[in-house]
Protein chains: 2
Amino acid sequence: MNTHKCKDCLLKSAAALNLNDSEFEILEGNSVQVNFKKGEIIIKQNAMSLNVAYLRTGIVKLHLQGPSREKILRIVKAPAYIGIPTTFGDKINRFSVTALEEATVCFIDSTLFRNFIYTNGKFAYEILVELCRNELIDYQRSASQAQKQITGLVAETLLCMSDNIYESDNFNFPLTRSEMGDLIGASRESVSRVLTDFSNEKIIEIHSNGISLLKKDLLKQISDKG
Amino acid sequence: MNTHKCKDCLLKSAAALNLNDSEFEILEGNSVQVNFKKGEIIIKQNAMSLNVAYLRTGIVKLHLQGPSREKILRIVKAPAYIGIPTTFGDKINRFSVTALEEATVCFIDSTLFRNFIYTNGKFAYEILVELCRNELIDYQRSASQAQKQITGLVAETLLCMSDNIYESDNFNFPLTRSEMGDLIGASRESVSRVLTDFSNEKIIEIHSNGISLLKKDLLKQISDKG
DNA sequence: TTAATAGTGTGATAAATATCACAAATATTT
DNA sequence: AAATATTTGTGATATTTATCACACTATTAA
């Protein structure tokens, strides 16, 4: 099996920080680290969910098949758990997870994970807090989705990628126009039009390496107004 | 304080079923049951969140102020926890909860609740499972919201109220047209037009006591097609 | 290097929905 | 019972976005 020492991992989750030495040893015997290339599927919708996936490095998209096409639920950057809801919320995976760039993922046996929850209250608490935070983010995005027009949603997405994923005003943009449409609920043509308008108005700059945000304050205004 | 015995409550959550006698005694000393009338606010957005609310009876709406107007996040029927994400996900309430009909709510001290999570693994696990299930429901609704047209969303909402909230094809409808618009992200006029069309086509019947679903199969088709 | 495939941008048109205005109906308050 | 407030339904018009078609660009595979 693997030779990594979970205890020595520098990318532990807030929950894992609460594990003791013996728990780490058990973890090592019941988990496996896998590397994924861009575009590879990490978790597959409709497959059975028998383990918990922890994204150590990289960026992924959570997505599912909607009524008429793919729906991207959220973009997640490491380090973070990426499948807890679908592992403990149902018996089969209700969504897929796909790598947007090279990623490393630790798969943890779900029975072991459940035992950590049963026996390590602080571990359980940190997992619960993360689930709660995610739910609040979902609620906020649900309101945006319902009430903003496409221009506001594109602006919000660019700001989110800049502030929360890349933490930079210049970044690679891992999504195609079609995928961005899947994320915000618009057609790829509408997304393209807005990005081109932003580029023509020098609000952003689109280059082969990605995107630069030139007028973040204006983007914020556009996002807030919807 | 109150005289109710939490241990004897017939409307316990799946999590609370894992509490022992002494935990129940502590719970009784750190919680209070309150009655609410239709329209009264149970949890207020932007207030500090110091306790966990458990809805014993009644139906409520979770809502928040969106970019341009109110957004109803979900309709919750008792018995269920109604504020865990906003209690443990942040220091202030990120959403409000309002009674849609008479409701009884138990407010539980959040420090005590956290202690139950720390010390009672099965309790923690059941809470976590409920959070996971809610997240999966949110994901499904997010896809619907983004990809269905208003007719499909109205149909889906009627089916959801019938199957999950009232468990009947004839039910009171606790939302105004405007509120239904806040739930699905449409204007009250659009909602009114769709409901009137459904009524004219004898798919549903609208009367002073509420709504009857006459052709559920057709509603299901309309919902699935979006 | 070339061919095939995927992604993108744009124009034109269709469809869906919002907005506005207003009257009628219903519910609530006095 | 009457007055007031709120909700609802409808028509007309405006706005937003999707769809379709097509050409161009970029990427991938052979």
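Lettering of chains follows the sequences in order, A, B, ..., and the numbering in each one begins at 1.
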### Query
Are any of S190(B)'s side-chain N or O atoms less than 4.0 Å away from OP1 or OP2 of dA18(C)?
yes
### Query
At how many degrees, to 10°, do the end axes of the helix from dT1(C)-dA30(D) to dT30(C)-dA1(D) meet when each uses five pairs?
60°
### By ring pair (Phe, Tyr, Trp, His ring centres under 6.0 Å) - contacts of F107(A) (at least two apart)
none
### Task
Whole angstrom is fine here: how far is it from CG in D182(A) over to C1' in dT17(D)?
16 Å
### Message
Rounded to whole Å, how long is the line connecting atom CE of M180(B) with atom C1' of dG9(D)?
### Response
16 Å
## Note on the structure
Rounded to whole Å, NZ of K225(B) lies from P of dA15(C) at a distance of 14 Å
### Query
Using a cut-off of 4.0 Å on non-hydrogen atoms, how would the nucleic acid contact of G185(A) be classed: base, sugar-phosphate, or nothing?
sugar-phosphate
### Query
With no hydrogens and no angle check, is any side-chain donor or acceptor of R141(A) less than 3.5 Å from a backbone partner on L73(A)?
yes
### Task
Mind calculating the distance between CZ (R177(B)) and C1' (dA24(C)) to the nearest angstrom?
15 Å
### Task
Please state how far atom CD in Q145(B) lies from atom P in dA16(C), giving the value in whole angstrom units.
17 Å
### Message
I'd like to know if the side chain of Q33(B) and the backbone of T104(B) have a donor-acceptor N/O pair within less than 3.5 Å.
### Response
no
### Query
Do N30(B) and F113(B) have side chains that get closer than 4.5 Å, going by heavy atoms?
no
### Task
Please report the C-alpha distance between S49(A) and K91(A) in whole Å, then the side-chain angles of each, then the deciding distance to 0.1 Å, and finally whether the side chain to side chain donor-acceptor pair (under 3.5 Å) criterion is met.
CA-CA 6 Å; S49(A) 43; K91(A) 289 185 167 51; over 6 Å; no
### Task
Would you indicate whether the side-chain heavy atoms of I84(B) and C132(A) approach each other to under 4.5 Å?
yes
### Query
Just checking S187(A): base, sugar-phosphate only, or nothing, at a heavy-atom cut-off of under 4.0 Å?
base
#### Entry: Shortest non-hydrogen contact from E156(A) toward S144(A)
OE1-OG, 2.9 Å
### Message
So Y139(A) and T86(B), do their side chains get closer than 4.5 Å, heavy atoms only?
### Response
no
### Query
Distance-only, no hydrogens or angles: does the S199(A) side chain make a donor-acceptor pair with backbone N or O of L195(A) under 3.5 Å?
no
## Note on the structure
R188(A) has its side chain closest, among dA18(C), dA21(D), dA18(D), to dA21(D)
### Message
D109(A): which residues meet the salt bridge (charged side-chain N to carboxylate O under 4.0 Å, His left out) condition with it, sequence neighbours left out?
### Response
none
### Task
Mind checking salt bridge (charged side-chain N to carboxylate O under 4.0 Å, His left out) for K12(B) and listing every partner two or more places apart, or none if nothing turns up?
none
### N35(B) to E40(B) - nearest heavy-atom pair and separation
O-OE1, 4.2 Å
## Note on the structure
In whole angstroms, the gap separating P of dT8(D) from CZ of F173(B) amounts to 10 Å
### Message
Rounded to whole Å, please give me the gap between CD in E70(B) and P in dT7(D).
### Response
13 Å
#### Entry: Proximity to the side chain of E189(A) - top-ranked nucleotide from dA21(D), dT10(D), dA18(C)
dA21(D)
### Message
Among residues 146-154 of chain A, which ones have heavy-atom contacts with DNA chain D below 4.0 Å?
### Response
Q149(A), I150(A)
#### Entry: DNA chain C contacts among residues 191-213 of chain A, heavy-atom distance under 4.0 Å
S192(A), R193(A), T196(A)
